[in-house]
Amino acid sequence: MLQVVWEQIQALFGLGLDAGDMNPVQIVLRTVLVYVSTLIIVRLGSKRFLAEATAFDVIVGIMLGSVMSRAISGSAPFFPTLLAGIALLGLHWLFGVVAYHTSWFGAWIKGERVLLIKDGEIQRDGMRRSSITSDDLKQALRQKTNQTDPSKIELAYLERNGQISVIPYEREPRVIDVSVKDGVQTVRIQLD
């Protein structure tokens, strides 16, 4: 009985067939099965590359797509391909755990942030090392602070995920004293 069910599943999904021997229905069913399997693998595994990704995460996303597409096209055996996807996500998870517990490993596989502005001064060495142009920096300042003057920025970094983070100086409120009633009374006005 179990053997008959297994043979029906193989025939339905075209398991064991070469890519050219599958019919369109088998390819569609394989696509659905691989999609659902990959979704389960990702949900059980690492969720990192679903957020703002570092190169570490993007590589896993590209590799997972490449590996799993072979199960759809039939260019690789179906179940070993699914196992390869699970192994890839498992390795990504393991590297993430090791990176969490050891700072040197995290910096090695994920990279480090690069200082671009410090105390209002552009850090040319950091910009050169990370291939950030003045236009790139101005764009980030416009998007984050609505202005482009680096002298008003305390710190700016190129983060490990490729985004530029900006920390503007805290503005002190301007206070003006105004004399009224023949200089006898003074009113203090705070401008933000």
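For the residue pair Thr81 and Met68, the shortest heavy atom distance occurs at O-SD, 4.0 Å. What you find for Ala99 and Gly106 is that their closest heavy atoms are CB-CA, 3.5 Å. Between Leu88 and Leu64, the closest heavy-atom pair is CD2-N, 3.5 Å. Scanning all heavy atoms of the two residues, the minimum distance from Ala107 to Glu112 falls at CB-OE2, 3.3 Å. When every heavy atom of Val114 is checked against every heavy atom of Ser130, the shortest pair comes out as CG1-OG, 3.9 Å. The nearest pair of heavy atoms linking Trp6 to Phe79 is CH2-CE1, 3.4 Å.
Both Ile153 and Ile122 are part of a single hydrophobic cluster, where members link through side-chain heavy atoms under 4.5 Å apart. Under a hydrophobic-cluster definition in which Ile, Leu, Val, Met, Phe, Trp and Tyr are linked whenever side-chain heavy atoms come within less than 4.5 Å, directly or via other members, Leu155 and Leu137 are assigned to different clusters. One hydrophobic cluster holds both Phe105 and Val97 under the rule that ILVMFWY side chains link at heavy-atom gaps under 4.5 Å. Residues Trp108 and Val98 share a single hydrophobic cluster, defined by chaining ILVMFWY side chains whose heavy atoms lie under 4.5 Å apart. Val34 and Met63 end up in the same hydrophobic cluster when Ile, Leu, Val, Met, Phe, Trp and Tyr side chains are linked at under 4.5 Å.
Listed for the Gln123 side chain is no donor-acceptor partner under 3.5 Å among the backbone atoms of Asp125. When atom types are taken as modelled, the side chain of Tyr157 and the backbone of Ile117 share no donor-acceptor pair closer than 3.5 angstrom. In this structure a side-chain-to-backbone donor-acceptor pair under 3.5 Å is missing from Thr145 to Arg142.
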What do the steps show when you test Trp93 against Leu89 for side-chain contact (heavy atoms from CB on, under 4.5 Å), and what is the final call? CA-CA 6 Å; Trp93 173 82; Leu89 263 289; over 6 Å; no
What verdict does the side-chain contact (heavy atoms from CB on, under 4.5 Å) test give for Met127 and Thr133, after you've listed the backbone C-alpha separation in whole Å, the side-chain angles of each residue and the deciding distance to 0.1 Å? CA-CA 7 Å; Met127 289 182 63; Thr133 66; 5.7 Å; no
Decide side-chain contact (heavy atoms from CB on, under 4.5 Å) for Arg124 and Ser134; before the verdict, give the C-alpha distance in whole Å, the side-chain angles of both, and the deciding distance to 0.1 Å. CA-CA 10 Å; Arg124 298 281 176 206; Ser134 295; 3.7 Å; yes
side-chain contact (heavy atoms from CB on, under 4.5 Å), that's the test. Do Ile9 and Val5 meet it? Break it down for me. CA-CA 6 Å; Ile9 290 172; Val5 171; 4.1 Å; yes
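Within a 6.0 Å sphere centred on NZ of Lys118, heavy atoms belonging to other residues, nucleotides or ligands number 12 at most.
Donor-acceptor pairing under 3.5 Å is recorded for the side chains of Asp149 and Ser151.
Note that CZ of Arg129 is 11.5 Å distant from CD1 of Ile132, once rounded to the nearest 0.5 Å. Taken to the nearest 0.5 Å, the CD atom of Gln163 stands 5.5 Å off from the NZ atom of Lys144. Note: Glu159 CD to Ser165 OG = 3.5 Å, rounded to the nearest 0.5 Å.
Within the 4.5 Å cutoff, the side chain of Lys152 has no heavy atoms near those of the Pro168 side chain.
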